[in-house]
Peer 1: 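Sharing a structure with you now.
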Amino acid sequence: MKKYLQVFKISFQQEFAYRVNFIMWRVRNVLQIFLIFFLWDTVFADPERIVFGYDRAKILTYVFGLIVMRSVVLSTRSIDMPGEIARGDITNLMLKPINYFKYWFTRDLSSKALNLAFAAVEGVFLYFILKPQIYFQNNIYYLSLFILSLAGAIILYFLLVFLFSTPPFWIPHFAWGFMFLLFVFTDLLGGGVFPLDIFPQSLQNLVYLTPFPYLLFIPVEIYLGKFGMTLSLKFLAVSFLWILVLAFINKKIWSLGFKAYRAEGR
Amino acid sequence: MDEGVEKVIKVEQLVKNFEVTEKKAGFLGSISAVFSPKKKIIRALRDISFDVNKGELIGFIGPNGAGKTTTLKILSGLLYPSGGFIQVLRFDPWQRSPNFLKQIGLVMGQKNQLWWDLPAIETLELNRAIYEIPKRDFEENLNELLELLEVKKLLNIQVRRLSLGQRMRLELVAALIHKPRVLFLDEPTIGLDVLGQQKIRDFIFDYNKKYAATIMLTSHNMDDLIDLAKRVIVIDKGQILFDGELKELVNEFAKEKIIRVYLSKESDFKKLDTIGTVLRFNYPQATISVPREVSAVAAAELLQNFSVADLTIEEEPIEEIIRRVFRGEMINKIQNLKNEKISASL
């Protein structure tokens, strides 16, 4: 356990070494929030208006929920993995008595801790600038289900990044392509741009079969209490099922990947 | 071989193949590679066998692409072998079990593990945690390594600000902080100046002696091999061509002797040509290379026909022999010899 504490510490320090990078990434996040906020603010200019079951307060809560979800779920360090594999830098870790998954998960947690701290500050800042009406959930059951779904989302995204990192084992010159695909899926099918219940029901049902809505959309909706208890529990079960499936697939693919690994590069 | 000696590395009939996709040059070549990729198998190692005893320091020689680095990578568990049997410290390297990894180290001259943006001490602290080194041992090892490699003052400087030589020495500290019993060194002195090379060489020598560590070293630097390795393995095109003492390699392949002669009177340079191959002529000194068997005759001839002030007969320098091995010139020779040996033993 101590080794991972040390990994957490050094990773934290590393983030600070790239201050400008980190700050730009936070700025990008804030700008994205502005964009989405003003889009929906315009749509809901009339306070009486209800679209797709969202009133002004709920849609704005959704948007602010995204700030938190993005910084907790989507901020990762493990996106460096495809590059590491392609360049052959993964060699350094393979030579050491340390668990590869746990190493990167720890680094992700350290990145999330840092991002969450910044997101909290940004959240307060944006709240006072935009003065949105926010919906505060006070039902303890929904809150606990939300916490569980958030934990699930973190693990799920980690497993997805891990899976989408493997192609360079076989095609080292194609390190980033699949990762971009993952980003697009996450935003589009995960609810990063708009709430998914805008889609027609049949399409929604299809999307719910993929792991993506469990990353952003469903945890926020659980918080808002839109699903009711039974459906929330059902979604929670599906997301944990996906975790099992992806963990299994990762294990298989990574062991094949290591076999194909060429330890090339300088 | 002695039963009492502990065999640290066992390699039997090791084979490693790589599959590569060939791409023709140019834009059209790139397109055709997408639609009809041409796969080609590269046989990096074909049937390699050798043993290494505890405490040995072995030099691994061969031209570029001979399979040296591939062998080291397989021995340290990075590459999956295509065939054969490998054991290091009684472990199968591929399993990469923590107990195995705690006892080995691989240093590649072109790879770094130090965190680029942080001072080296941070990486060392991380390694202390990863290898679970007790604090006291860690401090002891660290002090010793820092002193031997003379890098104490560099510990708290961002790695990116260090020179290559300084960084390389700190890389060694990071790779050895867990005191590996088996050490693989791939071009450890690459890119360093003469002084830096010497420091690293002295250190490797001491480390081998002090801890009876088993070390395998590949290098393009002749001095590394001459200074350090008693036993060498010559490898080319994935096959072992020679495995034995460096001295033996020299004896077997030094077919020439070098006569160094100081003339007391200026005489015809052309006439020297009749004795042997004139390597250098700069009056009054001449350096002539002659076949081993006739060196005595050649010397007599020189004394008779020239006014000689001084004359020495020397062995061909080891560097020259190894350089020829690198150039691949020896390879046919060694191959023939091997065939002779085989046919003799049949």
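By convention in this document, chain letters (A, B, ...) are assigned in the order of the sequence lines, proteins followed by strands, and residues within each chain are numbered from 1.
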Peer 1: Would you please test F212(A) and L216(A) for side-chain contact (heavy atoms from CB on, under 4.5 Å) and show each step?
Peer 2: CA-CA 8 Å; F212(A) 302 104; L216(A) 299 171; over 6 Å; no
Peer 1: Around atom CZ of F125(A), are there more than 12 heavy atoms of other residues, nucleotides or ligands at under 6.0 Å?
Peer 2: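 For F125(A), atom CZ is not crowded (no more than 12 foreign heavy atoms under 6.0 Å).
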Peer 1: Establish, from distance only, whether the side-chain atoms of Q103(B) and R181(B) form a donor-acceptor pair under 3.5 Å.
Peer 2: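 Side chains of Q103(B) and R181(B): pair found under 3.5 Å.
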Peer 1: When heavy-atom pairs shorter than 4.5 Å are enumerated against chain A, which of Q158(B), E122(B), H178(B) gives the highest number?
Peer 2: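 That would be E122(B).
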Peer 1: Could you give me the CA-CA distance, side-chain angles and deciding distance for S11(A) and R107(A), then say whether side chain to side chain donor-acceptor pair (under 3.5 Å) is met?
Peer 2: CA-CA 6 Å; S11(A) 197; R107(A) 294 204 57 186; 2.9 Å; yes
Peer 1: Tabulate, in ascending numerical order, the residues of residues 130-138 of chain B having at least one heavy atom closer than 4.5 Å to a heavy atom of chain A, or enter 'none'.
Peer 2: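 At a heavy-atom separation under 4.5 Å, chain A is reached by I130(B), Y131(B), E132(B).
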Peer 1: Do F16(A) and F12(A) have ring centroids that are under 6.0 Å from one another?
Peer 2: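 Close enough - the centres of the two rings lie under 6.0 Å apart.
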Peer 1: Could you check whether R169(B) makes a cation-pi contact with F203(B), meaning its NZ or CZ is under 6.0 Å from the centre of the six-membered ring and within 45° of the ring axis?
Peer 2: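 Ring-cation test returns no.
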Peer 1: Is it true that the NZ or CZ of K259(A) lies under 6.0 Å from the centre of Y80(B)'s six-membered ring and within 45 degrees of the ring axis?
Peer 2: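 Because its charged atom sits under 6.0 Å from the ring centre and within 45° of the axis, K259(A) does stack over Y80(B).
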Peer 1: Please determine, among P97(A), A17(A), A260(A), the option with the most heavy-atom pairs under 4.5 Å with chain B.
Peer 2: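 Greatest number of close heavy-atom pairs with chain B: P97(A).
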Peer 1: Aromatic rings F162(A) and F101(A): how do their planes relate, parallel, tilted or perpendicular, breaks at 30° and 60°?
Peer 2: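 If you compare the ring of F162(A) with that of F101(A), the planes turn out parallel.
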Peer 1: Are a donor atom and an acceptor atom from the side chains of Q197(B) and D224(B) found within less than 3.5 Å of each other?
Peer 2: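 Absent: no donor and acceptor within the cut-off.
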Peer 1: Determine, using ring centers only, whether W94(B) and F258(A) are less than 6.0 Å apart.
Peer 2: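 No, the ring of F258(A) stays outside the 6.0 Å limit from the ring of W94(B), centre to centre.
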Peer 1: So which part of N99(B) gets closer than 4.5 Å to some heavy atom of chain A, the side chain, the backbone, both or neither?
Peer 2: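 Contact with chain A involves no heavy atom of N99(B) at all.
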Peer 1: Apply the side-chain contact (heavy atoms from CB on, under 4.5 Å) test between S75(A) and each candidate in N115(A), L114(A), L116(A), D108(A); give the one that qualifies.
Peer 2: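 When side-chain contact (heavy atoms from CB on, under 4.5 Å) is applied between S75(A) and each of N115(A), L114(A), L116(A), D108(A), only N115(A) qualifies.
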Peer 1: Using a 4.5 Å heavy-atom cutoff, which residues in residues 238-253 of chain A come close to chain B?
Peer 2: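 Answer by number: none.
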